[in-house]
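A short write-up of the structure that comes next.
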Amino acid sequence: MSQKPEDLFKNVISHSKEYGFIFPSSEIYDGLSAVYDYGQLGAELKKNIRDYWWKSMVQLHENIVGIDASIFMHPTTWKASGHVDAFNDPLIDNKDSKKRYRADVLIEEHVSKIEDKINKEVEKAAKRFENFDAVMFRRTNARVKEYDEKIQSITTRFKKALNDNNLEEIKQIIVDLEIVCPISGSRNWTDVRQFNLMFSTSMGSVSEEANTIYLRPETAQGIFVNYLNVQKTGRMKIPFGIAQTGKAFRNEIVARQFIFRMREFEQMEMQFFVKPGTEMEWYEYWKKARLNWHLSLGLGKEKYRFHDHLKLAHYANAACDIEHDFPFGFKELEGIHSRTDFDLKQHETFSGKKLQYFDPELNQNYVPYVVETSVGLDRLFLSILSSSLKEEQLEGGDTRTLLSLPPALAPYKAAIFPLVKKDGLPEFAERIMTTLKFDHQMAYDEKDTVGKRYRRQDAIGTPFCITVDHQSLEDQTVTVRNRDTMVQERLPVDALANFLNERVSLKSLLLTL
RNA sequence: GCGAAAGUAGCUCAAUUGGUAGAGCUCCAGCCUUCCAAGCUGGAGGUUGCGGGUUCGAGACCCGUCUUUCGCUCCA
């Protein structure tokens with residue numbers, strides 16, 4: 001149990017690989033940076049987590065409905081959301097100070113320094129002459145004119161380079177202007193690189209004028225553009241929510257830490273539309289509700305904490321993260337943001353369509369405010385996996401590898417073993433399997449000693465092992481062994497269905513909310 | 001992106017100054033047996049991440065490249 005965090009993280013990664021939870025993407029070709037595939041057990045666990053979230057959001061709330069929007073969206077969507085402008089920066093690094101700068105900012109700062117010089121000239125002249133005409137001075141003074149021309153030529157050149165997307169030219173401008181790094185004072189620059197967080201591809205035939213299409217960097221916009229469709233056709237009354245799960249893509253500069261930050265990842269989001277002025281109440285409501293949801297997984301209260309954002313994004317008037325204690329420290333798991341009416345208003349402006357709600361109580365129209373809950377499915381997966389993986393010391397000096405997953409989320413809900421591979425025990429076991437497999441994902445194993453089989457199921461988190469022995473043939477009972485306590489009890493075969501339903505069904509977990 | 005470390009069987013790791021790639025676990029077939037892994041017999045699995053170079057000879061040395069981990073940086 002007392003493993004070093006680095007070791008635990010290493011174990012999580014190799015355990016994931018060894019048992020088929022997570023593989024590096026296209027591994028036979030050396031993998032692809034920060035892209036991972038879910039294996040046979042990982043896919044089950046991930047699906048169960050997603051189902052639990054979906055049911056707790058959509059099925060348990062009459063005023064929340066789910067949609068499934070496309071990954072491709074109209075390019076204007078990303079202009080309206082601010083993603084195009086916010087993430088199209090040419091960046092350059094100084095090799096000596098290791099600091100990264102926006103190339104356009106460096107050039108603009110250089111230009112403003114020249115402007116300062118002009119202003120100084122003007123100030124100096126103003127002191128010297130009476131009846132000073134600043135406009136005339138600017139137009140006629142040789143030194144000022146020289147500065148002005150310099151600014152003109154720089155900005156013309158810079159604008160052209162930006163328009164042509166000519167990164168080499170931008171670097172050349174920085175070199176020509178002899179711009180130095182404010183920290184190291186050196187001119188030892190890397191090449192200029194364009195970092196656009198959004199992946200792009202083209203839509204339409206190649207020969208024609210193809211449109212640049214972005215892979216969505218967040219799923220939220222799919223909800224906002226469908227706000228009116230859902231509200232009208234679903235006859236939704238404020239407050240109401242729209243939920244969605246799906247893939248999003250970000251071309252991260254640095255993507256690290258296994259599946260914590262991937263370039264392709266899955267979000268589970270719910271946008272809750274409320275009356276303006278009530279958003280803070282709902283913000284607090286969802287903070288509590290979402291933390292409660294995480295606590296229901298039983299990984300431990302001490303594993304979670306809130307982190308309030310001091311610096312708010314351009315669209316938010318309140319924001320916080322639910323952080324989880326990962327093997328590499330507390331990191332963001334879920335974000336809860338009060339997004340105001342920013343998104344819907346932006347889409348109104350860019351689309352020219354009204355995205356409003358007629359409130360019958362107030363007898364007036366308004367753009368609803370939005371409270372968002374947004375959790376990373378892959379991060380949730382990692383939080384559950386890493387918190388569940390344990391090396392347990394047993395009496396007698398033995399150790400066992402235990403994956404104490406929340407039972408309702410485990411890939412296999414129960415495993416069935418014939419104690420021996422003869423005397424009709426396998427046939428008996430398979431009959432039980434057949435009756436239970438319609439309700440639960442079941443495993444079957446008849447290889448090796450039964451103790452070994454228990455350990456194998458412990459390592460993949462199967463909550464219960466059902467063993468058929470010779471007594472089973474006589475009185476139709478089996479033993480059921482608990483993963484966490486290793487305690488066995490004998491149950492009639494007929495009681496198994498209820499036994500499992502009460503302990504491993506999603507319903508059993510939903511009831512704890 | 002910069003810096004550091006690493007990459008050998010499914011997993012964890014060996015391999016003397018450069019000299020025939022190995023072990024344990026896993027896996028497969030069978031035997032024995034049976035309620036908490038590690039009994040017996042046999043077997044499978046490797047162009048040592050990839051590509052070059054030096055050498056009579058490279059897992060080891062050099063260069064490049066890919067991937068991973070850590071630190072810095074970034075993360076609307």
Side-chain angles (χ1 to χ4, degrees), chain A residues 5-7 9-11 13-20 23-36 39 78 81-89 91-102 188-193 195 197-198 217-218 220 250-258 260-261 309 311-316 319 321 327-328 331-332 335 337 339 342 392 394-396 398-401 417-423 425 446-459 465-472 478-483 485-488 490:
Chain A
E6 312 91 77
D7 291 347
F9 192 36
K10 250 181 96 179
N11 287 345
I13 295 170
S14 67
H15 195 85
S16 298
K17 168 91 187 293
E18 187 170 2
Y19 288 93
F23 307 121
S25 162
S26 14
E27 197 188 6
I28 60 169
Y29 295 109
D30 284 337
L32 185 62
S33 181
V35 185
Y36 291 89
W78 307 113
S81 68
H83 285 84
V84 171
D85 293 334
F87 295 101
N88 234 337
D89 304 329
L91 299 180
I92 191 167
D93 289 7
N94 183 272
K95 288 179 186 168
D96 297 314
S97 66
K98 317 271 187 231
K99 288 289 169 190
R100 172 168 296 155
Y101 301 93
R102 280 175 54 176
N188 191 8
W189 297 107
T190 62
D191 288 340
V192 175
R193 288 171 305 262
F195 282 116
L197 208 58
M198 289 193 287
E218 64 172 27
R250 289 184 198 181
N251 197 7
E252 300 279 358
I253 300 166
V254 179
R256 284 251 189 97
Q257 285 163 321
F258 199 38
F260 182 79
R261 178 168 289 130
H309 287 203
K311 258 172 58 185
L312 294 173
H314 58 274
Y315 53 72
D321 296 335
F328 39 87
K331 298 276 183 181
E332 178 185 353
H337 305 131
R339 293 181 77 126
F342 176 85
E392 206 178 63
L394 299 179
E395 290 171 35
D398 277 355
T399 62
R400 67 163 178 161
T401 303
F417 307 147
L419 189 60
V420 293
K421 210 181 348 181
K422 57 183 179 188
D423 303 335
L425 298 189
E446 58 180 26
K447 179 95 182 122
D448 296 316
T449 65
V450 73
K452 214 167 193 175
R453 286 179 263 170
Y454 287 145
R455 298 301 169 84
R456 273 204 285 266
Q457 296 301 324
D458 287 343
C465 292
I466 299 165
T467 303
V468 174
D469 56 18
H470 291 94
Q471 189 184 332
S472 305
V478 291
T479 61
V480 177
R481 179 256 195 192
N482 183 300
R483 174 194 68 194
T485 62
M486 297 169 69
V487 170
Q488 284 178 284
R490 190 163 269 280

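In what follows, chains carry the letters A, B, and so on, assigned in the order in which the sequence lines appear, proteins first and then strands, with residues in each chain numbered from 1.
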What is the distance, to the nearest angstrom, from the [atom1] atom on [X] to the [atom2] atom on [N]?
X	N	atom1	atom2	answer
A/Arg455	B/U26	CZ	C1'	16 Å
A/Glu392	B/A37	CD	C1'	14 Å
A/Asn11	B/C11	CG	P	14 Å
A/Gln471	B/C35	CD	C1'	12 Å
A/Ile13	B/U68	CD1	P	10 Å
A/Asn251	B/G1	CG	P	11 Å
A/Lys10	B/C70	NZ	C1'	12 Å
A/Arg453	B/U33	CZ	P	16 Å

With a 4.0 Å cut-off on heavy atoms, is [X] in touch with a base, just the backbone sugar-phosphate, or nothing at all?
X	result
A/Phe258	sugar-phosphate
A/Lys447	sugar-phosphate
A/Asp458	nothing
A/Arg250	base
A/Tyr36	sugar-phosphate

A/His83 and A/Trp78 aromatic ring geometry - parallel, tilted or perpendicular at 30°/60° bounds: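 A/Trp78 vs A/His83 ring planes: perpendicular.
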Hey, is the side chain of [X] pairing donor to acceptor with the base of [N] inside 3.5 Å?
X	N	result
A/Arg481	B/C35	no
A/Thr479	B/C35	yes
A/Arg261	B/C75	yes
A/Tyr29	B/C66	no

[N] phosphate, OP1 or OP2, under 4.0 Å from [X] side-chain N/O:
X	N	value
A/Arg456	B/C25	no
A/Lys331	B/C75	no
A/Lys17	B/G10	no
A/Ser33	B/C66	no

Which base sits across from [N] as a Watson-Crick or G-U pair, both distances under 3.5 Å?
N	result
B/C2	B/G71
B/A15	none
B/C50	B/G64
B/C35	none
B/C27	B/G43
B/A58	none

For the student: nearest non-hydrogen atoms of A/Leu32 and A/Ser26, plus distance: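 Nearest heavy atoms, A/Leu32 then A/Ser26: CB-OG, 4.3 Å.
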Whole-Å [atom1] distance, [N] and [M]:
N	M	atom1	result
B/G43	B/C2	C1'	50 Å
B/C74	B/A15	C1'	42 Å
B/C13	B/U69	P	16 Å
B/A4	B/U41	C1'	49 Å
B/U16	B/A21	C1'	15 Å
B/U48	B/A58	P	11 Å
B/C63	B/U73	P	29 Å
B/C50	B/C56	P	25 Å

Can you identify which nucleotide, out of [options], has its nearest atom closest to the [X] side chain?
X	options	value
A/His83	B/C70, B/C27, B/A76	B/A76
A/Thr449	B/A37, B/C70, B/C35	B/A37
A/Lys452	B/C27, B/C35, B/U26	B/U26
A/Leu419	B/U69, B/C35, B/A37	B/C35
A/Ser14	B/A76, B/C35, B/U12	B/U12

Set of ring-ring contact (aromatic ring centres under 6.0 Å, His included) partners for A/Tyr36, sequence neighbours left out: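 ring-ring contact (aromatic ring centres under 6.0 Å, His included) check on A/Tyr36 returns A/Phe258.
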Using a 4.5 Å cut-off on heavy atoms from C-beta on, say whether the side chain of [Y] contacts that of [X].
X	Y	value
A/Arg456	A/Asp448	yes
A/Arg400	A/Tyr454	no
A/Thr401	A/His15	yes
A/Lys452	A/Lys447	no
A/Val420	A/His470	yes

A/Ala34 or A/Ser81, whichever maps to the more 5' nucleotide of RNA chain B: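 Checking each residue's closest nucleotide, the 5'-ward one belongs to A/Ala34.
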Given RNA chain B, 5'-ward residue of the pair A/Gln488 and A/Glu18, judged by closest heavy atom: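 The 5'-side residue here is A/Glu18.
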A/Met486 and A/Arg481: CA distance, side-chain angles, deciding distance, side-chain contact (heavy atoms from CB on, under 4.5 Å) verdict: CA-CA 6 Å; A/Met486 297 169 69; A/Arg481 179 256 195 192; 3.6 Å; yes
Counterpart residues, salt bridge (charged side-chain N to carboxylate O under 4.0 Å, His left out), relative to A/Lys17 (two or more places apart):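 Only A/Glu27 meet the salt bridge (charged side-chain N to carboxylate O under 4.0 Å, His left out) criterion with A/Lys17.
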Tabulated below should be each protein N or O lying under 3.5 Å from an N or O of nucleotides 46-50 of chain B; please produce it.
from  : atom 1 : to      : atom 2 : distance (Å)
B/G49 : O2'    : A/Asp30 : OD1    : 3.1
B/G49 : N2     : A/Asp30 : OD2    : 3.4
B/G49 : N3     : A/Asp30 : OD2    : 3.4

Side chain to side chain contact (heavy atoms under 4.5 Å, CB included) partner of A/Arg490, chosen from A/Val480, A/Thr467, A/Asp469: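 Among the candidates, only A/Asp469 passes.
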